[in-house]
Number of protein chains: 2
Amino acid sequence: MVMGIFSKTCEYAIRSVFFIAHRTASGNRVGIKEIASGIDSPEHFLAKILQDLSRRGIVQSAKGPNGGFYIDERGLKRPLSEVVEAVDGNSIFTGCGLGLAYCSETNPCPLHNEFKAIRNQLKDLLEQTTIADFSESLNLGITKLRK
Amino acid sequence: MVMGIFSKTCEYAIRSVFFIAHRTASGNRVGIKEIASGIDSPEHFLAKILQDLSRRGIVQSAKGPNGGFYIDERGLKRPLSEVVEAVDGNSIFTGCGLGLAYCSETNPCPLHNEFKAIRNQLKDLLEQTTIADFSESLNLGITKLRK
DNA sequence: AAAATAAAAGAGTTTTTAGTCTTTTATTAA
DNA sequence: TTAATAAAAGACTAAAAACTCTTTTATTTT
């Protein structure tokens, strides 16, 4: 009954990539402890999420002293939709609002077209904004990532 | 990782009220077995959901022979948003997309305004359509409720 | 009144999501 | 080359959501 648009895992993923992007703009790295406390998430749980994002090349990591997570030039230009898809899959963009597997253009559920418009708007938003897009507002303290 | 807009419970709830409205337009009642098979949901699980909707007055029920569920005149005019709120609460309309409790107009998360537009669109859609609105398209067989 | 019917209620189990704890591996700096 | 550091990996536990099964209560028909 908590019910966000994304899973909690995905919320942590998005907040963490924003945080990492913001903190590693000048080539440095940031550790899991700092990220977890910076975005108010459970440390080890976030570690799992970042391991996965790392395997997928969305974030980069380095072990050992001065190691940590960072995001390379290409990563900063990635749309947010890639983060969301990596974690929650693409059903949020394509799935039927009423949970009907058959639902399609030719075989629509009662709310098919209405939901399509909303899903497309979400899709556009996530595809048009990149990970880097939010560093600026975070820098200025206009937006925040902690609870 | 299945991730619809609504919980499965809520999807069943919406599909069942559409089904009941459609089947009981002329004052008759429909039993839980028929509803469950009509919308492809687990019978006893749906029973719980309908018990709850019944307590809230969204659907009506009658025990015994010729008993079953139905929706009265007032119920048919209820907006879909009441069904959704009864089951999933209102966080879908009000919650922060990134799961941040503090997030608000004066203390926005990085995606606050973007998500607000999407949430409002969903809210409008659900508030402007009533339970009865879909009987017609179901009658014509244009839309369906089974998987 | 008894039998049949059908929802209500209660008490579970299963599955998924979220979160924790411990050990291992890689890297770096002294 | 050893000690320290930090992510990766693995094996868990906890909580929530989804689902099942059984018993009870209300209603109606015979």
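Chain A is the first sequence line, chain B the second, and so forth, proteins listed ahead of strands; every chain is numbered from 1. Side chains are part of it too, since the values below use all heavy atoms of this structure and drop only hydrogens, waters and symmetry mates.
Separating the CD atom of A:Gln51 from the P atom of D:dA6 is a distance of 16 Å, rounded to the nearest angstrom. Distance B:Phe6 CZ to D:dA17 P: 16 Å, rounded to the nearest Å. A:Leu50 places its CG atom 15 Å from the P atom of D:dA6, with the value rounded to the nearest Å. A straight line from CD of B:Gln60 to P of C:dA8 spans 11 Å, rounded to a whole angstrom. Atom CG of A:Leu46 is separated from atom C1' of C:dT17 by 16 Å (rounded to the nearest Å). The separation between B:Glu11 atom CD and D:dC19 atom C1' is 15 Å, rounded to whole Å. When the P atom of D:dA7 is taken as reference, atom CD of A:Glu34 falls 10 Å away, rounded to whole Å. As rounded to whole Å, 10 Å separates atom P of C:dA8 from atom CD1 of B:Ile35.
Residues B:Cys103 and B:Leu98 form no side-chain contact, since every pair of their non-hydrogen atoms from C-beta on lies 4.5 Å or further apart.
Between D:dA18 and B:Tyr12, no contact under 4.0 Å exists linking OP1 or OP2 to a side-chain N or O. Dashed line: the shortest gap from a side-chain N or O of A:Thr9 to OP1 or OP2 of C:dA18 is under 4.0 Å. In terms of phosphate contacts, A:Ser54 brings a side-chain nitrogen or oxygen within less than 4.0 Å of OP1 or OP2 of D:dA8. Between B:Ser61 and C:dA6, a side-chain N or O to OP1/OP2 separation shorter than 4.0 Å is absent. Between A:Arg55 and the phosphate of D:dA8, there is no side-chain N or O to OP1/OP2 separation shorter than 4.0 Å.
Panel note: side chain B:Asp72, backbone B:Gly75; a donor-acceptor pair is recorded below 3.5 Å.
The listed nucleotides are D:dA18, C:dG19, D:dC19; the one nearest the side chain of A:Phe45 is C:dG19. Residue A:Lys8 has its side chain nearest to C:dA18 when only C:dA18, C:dA7, D:dA9 are considered. Side-chain proximity of B:Phe69 to C:dA7, C:dG19, D:dT20: nearest is C:dA7.
The rotation axes computed at either terminus of the helix from C:dA1-D:dT30 to C:dA30-D:dT1 lie 0° apart, taking five pairs at each end and rounding to 10 degrees.
Taking NZ from B:Lys123 and OG from B:Ser81, the interatomic distance works out to 8.0 Å, rounded to the nearest 0.5 Å. Taken to the nearest 0.5 Å, the CD1 atom of A:Ile20 stands 13.0 Å off from the CZ atom of A:Arg15.
Taking 4.0 Å as the cut-off between side-chain N and carboxylate O, B:Lys48 and B:Asp52 do not count as a salt-bridged pair. Looking at A:Glu105 and A:Lys116, a side-chain N of the basic residue comes within less than 4.0 Å of a carboxylate O on the acidic one, giving a salt bridge.
Hydrophobic clustering (ILVMFWY, side-chain heavy atoms < 4.5 Å, transitive): B:Ile14 and B:Val87 are in one cluster.
Taking the six-membered ring where the residue is Trp, A:Phe134 and A:Phe18 present tilted rings, their angle falling between 30° and 60°.
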A:Phe115 and B:Phe6: ring-ring contact (aromatic ring centres under 6.0 Å, His included), yes or no, with the steps?
CA-CA 12 Å; A:Phe115 279 127; B:Phe6 308 119; 5.8 Å; yes
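At a cut-off of 3.5 Å, with distance as the only test, a side-chain donor of A:Thr130 or A:Asp133 sits close to an acceptor on the other residue.
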Readout for nucleotides 21-30 of chain C: B = base within 4.0 Å of protein heavy atom, S = sugar-phosphate only, - = neither; 5' to 3' it is BB--BBBBS-
